[in-house]
Undergrad: 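Structure in structure tokens, see below.
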Amino acid sequence: MKVSNISWKIGGEAGDGIITAGLIFSKMFARKGYFVVDCNEYPSLIRGGHSSYTVRIGSSEIFSTSKDINILVALNEETVRIHQEEVLYGGYIICDDDSFDIADFKKERKDINYIAVPFSRIISELKVPEIGKNSISLGASAALLNYDIEVLKEVIADVFSEKSPEIVELNVKLSEFGYKYIKEKLKLSAYELEIVKPVNKILVTGNDAVFLGAVRAGCKFYAAYPMTPSSSILHSFASVENDFNIITRQAEDDIAVINMVLGASYAGVRAMAATSGGGFSLMNEGIGSAAMTETPIVIVLCQRPAPATGMPTWTEQGDLLFACHASHGEFPRVIMAPGDPEECFYLTGRAFNLADRYQIPVIIMLDKYLSENHFSYDRFDFKSITVNRGKLITSSSDINEEYNRYTDTDNGISPRTIPGVKGGVYIANSDEHDQYGYSDENSRNRKIMVDKRFKKMKKLIEEVPPPRIYGPHDAEITIWSWGSCKGPILEAMNILNQKEKKVNFIHFTYLYPFDSEIVSGIIKESNKNIIIENNKTSQLSKIIMMNTGYKIKNKILKYSGRQFLPEEIASGIEKIE
Amino acid sequence: MYLDYLIDKEMNRSGNMSRKKKYNLTLCDFNTDRKPTWCPGCGNYGIWKSLKKAFVNLNLEPHEILIVYGVGCSGNGANFIKTYAFHALHGRALPVATGAKLANHKLNVVIVGGDGDGAGIGLNHFIHTCRRNLNMTYLLHDNRIFGLTAGHASPTSARGLKTKSTPSGVLEEPLNPVLLALAAGASFVARGYAGDLLYLSEIIKKAIKHKGFSFIDILQPCITFNKQETYEFYRDKIYRLDEIQDYDVSDLNEAINRSLEKEKIPVGIFYKVDRPLYEDNLKQIERKPLVDHIITDIDINKLLNRYY
């Protein structure tokens, strides 16, 4: 059967190689020009517990995974029990009926095609490790989709290349075994994807894209304390520290992290850190220190369900108001919330320029869904990220007779020297200070300096782009959201459009500063407004109300630790009507 | 200032000025136009002078030095010494200094903080910075009290010390910064005394010259809030380690034993050893400081290929 898109899911125990299998499956299609979005779900432990990986492939643009699964690969019984209901009418389940009895499952869903592949028998006959089941299942899946096994073999070779040639050979062999079992023994085929233009697409997560953007932007110092779901940024930086001359350090705690970043930035290099909510909580005071000393920093906040340790490997958008108000006191900042990896890449480039030019902290908000799930893209146009360091003085010849670091200017931005520059000596002072940097608690000075820092907001608010509008301007329904909900909402709009509902979507990628005039204008023109957020208390609607006075009553909120599925959003919107 | 003049004169006499200079640096080159706000008689004055004198002796110009300050009476010194300065948050001077040193390892980095700052709220960083062995110098202004909050007990306060927050006396054992630095792997560990500024200045000079992380626990009377550890108290107890015959600064066991002494208080260099420098193990800065790398138009073509 020819299809334009397909959803595939593999499930098993954590430790079964689920994530590797899912990644290989995604890459196998991205390489040939398909649109790929994937989603992996796993518990916060190393072995045992249920883990799954969903890959959706489209021959035209897709924006998220979906509820319905065409092919489910079940490496254990639990996977069938949990995910059978997600399988589409007439869909397929690949499982090993030697390992567990599928008769009862069959009774429940007579429409599903259960394809028995003897994983365990193959594994014991070939005397190979249990984990090899995943490669057999990949071969079987490729066969069911009439996909070129050579592409799969190529990807396996690349993914396992860092291990050993023996491991590559073994996994290639196992995948061929699975492929032939379906093609030659069972003589089966299920779907065939419509052909696309064969371009080589990259496959990146939000974290990958932030990392790539930061490397391009000239980030030279990266510090972190490992914390899911931000850790892969640390691994990426560490892996290129010598190729790109980036000092990448794991510090003793998140407090050390932000202060090291501050020190490095003060000394003149572009510096960044990433963390999740817990680490961000510890960094709060340091964000204020950046603001008071006017030292540029970029902090990536990869959210996860909270409070406290929460659910480390799951997703939520619960930290928006926290980030907007992070650290004590009042000061300008920028909060960004990219909606997909592509936006992660370009916004990270901009984050460094904004931090440098305005000498402020910039916070980029992701969540586990965006941090760890892959999207396929045409190669990023990295040349469009350029470097603008603002008023940075790196040579004594650029210093006028008297240098005052915090001189009060029209836009509040004052030239910044770096240590080592003769004639530019100053104190970056966490105490309130005068224009030289000396501690000063005089009431008049205090007002001047607070106003100086806030003057930056005027230019900043003009520069920060307004929320982006997707869909027709004259829609019946306007959806409001931010960050990673973008994908599921765009998919939901497709579903609703098919039902001839006119829907548009306002997506915020910048949440601070907030242009209340523009947003008020949009609200006034909209017929019916609905807020969609991956949190309990609808934090975006609070920000909108705080800034515009408008209360958006209709809300679709999810806080189960899982991202929205497009189908949930579409039916939620229909219910509100 | 008159005291500066006296010290300059003292240095001339001891021949220190004969070294090759970029120009005639004096203590006054390190003065700002702010007058110290410490209590008259505060130990900070002695440390302040000693530090400036060490800079002059080492022929360092203000722009070649970064001092990172913690918060406390000593941290307020940021306003009184003219060098590049970062007056960090309470307890966070060491990680700021670490970041700055890694960004530009040619800088001469000194950290100034108190016992509340470094042995209390920032203790974690103290231990890990000792482990790292970056080429920086940490001056712990150890007055065994929180001066700036107006006299609360600190981690180095003596057991039984009565303060506003401990009216029945401190219940904990005092933390021993010298012993801790030795245990954490610092490659240069010393103790100085704010009441003997020329000797202290010599220790600071040696600490800055040492290739590695150098730590000096500086005993500092707080004349306002610590009535126990006064100038008289120290005067009677202090002796110099370099006056001990055959004291071997490379002997860690001996250093540990000396650090445990209570009746008499040794000052001077306890321990000094050559260990690989942290920054020497970073290929990224082998050829030039991180800050000198050009960042416009970084080519990530090859890197993107990883993602196919």
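Throughout, protein chains are lettered first and strands after them, A, B, ... in sequence-line order, and every chain is numbered starting at 1.
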Undergrad: Between CG of N79(B) and OH of Y436(A), what distance do you get to the nearest 0.5 Å?
TA: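 N79(B) atom CG to Y436(A) atom OH measures 14.0 Å (nearest 0.5 Å).
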Undergrad: Count the heavy-atom pairs under 4.5 Å between each of D243(A), D208(A), I202(A), T295(A) and chain B, then report the option with the highest count.
TA: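 Between D243(A), D208(A), I202(A), T295(A), the count favours I202(A).
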Undergrad: Chain A: which of N301(B), N108(B), I127(B), N305(B) shares the most heavy-atom pairs with it under 4.5 Å?
TA: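 It is N301(B).
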Undergrad: Output yes when a side-chain donor or acceptor of Y84(B) lies under 3.5 Å from a complementary backbone atom of G424(A), and no otherwise.
TA: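 Checking the backbone N and O of G424(A) against the side chain of Y84(B), a donor-acceptor pair under 3.5 Å is found.
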Undergrad: At a 4.5 Å cut-off on heavy atoms, which part of H293(B) comes close to chain A: side chain, backbone, both, or neither?
TA: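 It is the side chain, since no backbone atom gets that close.
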Undergrad: Are any of the side-chain nitrogens in R270(A) or D356(A) under 4.0 Å away from the carboxylate oxygens of its partner?
TA: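 Between D356(A) and R270(A) there is a salt bridge, with a charged N closer than 4.0 Å to a carboxylate O.
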Undergrad: Can you tell me which portion of A271(A) sits under 4.5 Å from chain B's heavy atoms? Options are side chain, backbone, both or neither.
TA: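 For A271(A), there is no contact with chain B at all, as no heavy atom is under 4.5 Å.
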Undergrad: Specify which of I65(B), L94(B), L290(B) makes the most heavy-atom pairs with chain A at under 4.5 Å.
TA: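 With the most close heavy-atom pairs to chain A, the winner is L290(B).
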Undergrad: Shorter than 4.5 Å, heavy atoms on both sides: which option in T394(A), I258(A), I385(A), I418(A) has the most such pairs with chain B?
TA: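 Counting heavy-atom pairs under 4.5 Å, the top option is I418(A).
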Undergrad: Does any backbone or side-chain atom of A97(B) lie under 4.5 Å from a heavy atom of chain A? Answer side chain, backbone, both or neither.
TA: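 Interface part for A97(B): neither.
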Undergrad: Taking R379(A), H374(A), K201(A) one by one, which has the highest count of heavy-atom pairs under 4.5 Å against chain B?
TA: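 So the answer, after comparing R379(A), H374(A), K201(A), is R379(A).
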Undergrad: For chain B, which candidate among T293(A), T417(A), V269(A) shows the most heavy-atom pairs at distances under 4.5 Å?
TA: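 The residue among T293(A), T417(A), V269(A) with the greatest pair count is V269(A).
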Undergrad: Are the charged groups of R31(A) and E154(A) less than 4.0 angstrom apart, N to O?
TA: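 Salt bridge flag = yes for E154(A) with R31(A).
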Undergrad: Quick check against the 3.5 Å criterion: does N404(A) have a side-chain atom that pairs as donor or acceptor with the backbone of Y406(A)?
TA: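 Not at all, since once roles are kept as given, no pair shorter than 3.5 Å links the two residues.
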Undergrad: Check for me whether K35(B) meets the cation-pi criterion with F80(B), that is, NZ or CZ under 6.0 Å from the six-membered ring centre and within 45 degrees of the ring axis.
TA: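 No.
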Undergrad: Using non-hydrogen atoms and a 4.5 Å limit, figure out which bit of Y377(A) sits close to chain B: side chain, backbone, both or neither.
TA: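 Looking at Y377(A), nothing touches chain B.
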Undergrad: Would you name the heavy atoms of D431(A) and H87(B) that are closest together and state the gap between them?
TA: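 D431(A) and H87(B) have their closest heavy atoms at OD2-CE1, 2.9 Å.
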Undergrad: Looking at side-chain heavy atoms only, is the closest gap between Y266(A) and V261(A) below 4.5 Å?
TA: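 Result no, sub-4.5 Å side-chain heavy-atom pair not found.
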Undergrad: I'd like to know if the side chain of R216(A) and the backbone of T386(A) have a donor-acceptor N/O pair within less than 3.5 Å.
TA: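 It does not hold such a pair.
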Undergrad: Looking at V240(A), V155(A), L203(A), which one has more heavy-atom pairs under 4.5 Å with chain B than the rest?
TA: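 The residue among V240(A), V155(A), L203(A) with the greatest pair count is L203(A).
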Undergrad: Against chain A, label L89(B) side chain, backbone, both or neither, depending on which of its atoms sit under 4.5 Å from a heavy atom there.
TA: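 Both parts, backbone and side chain.
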Undergrad: Which word best sums up how the rings of F146(B) and H90(B) line up, parallel for under 30°, tilted for 30 to 60°, or perpendicular for over 60°?
TA: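 F146(B) vs H90(B) ring planes: perpendicular.
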Undergrad: Is it the backbone or the side chain of I285(B) that comes under 4.5 Å from a heavy atom of chain A, or both, or neither?
TA: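 Interface part for I285(B): side chain.
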Undergrad: Which of the residues V204(A), V387(A), L262(A), V421(A) is involved in the greatest number of heavy-atom pairs with chain B at under 4.5 angstrom?
TA: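 Winner by heavy-atom pair count: V421(A).
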Undergrad: Where does L102(B) contact chain A at under 4.5 Å (heavy atoms): side chain, backbone, both or neither?
TA: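 Contact with chain A involves both backbone and side-chain atoms of L102(B).
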Undergrad: Select one option (side chain, backbone, both, neither) describing which atoms of R306(B) are under 4.5 Å from chain A's heavy atoms.
TA: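 Interface part for R306(B): both.
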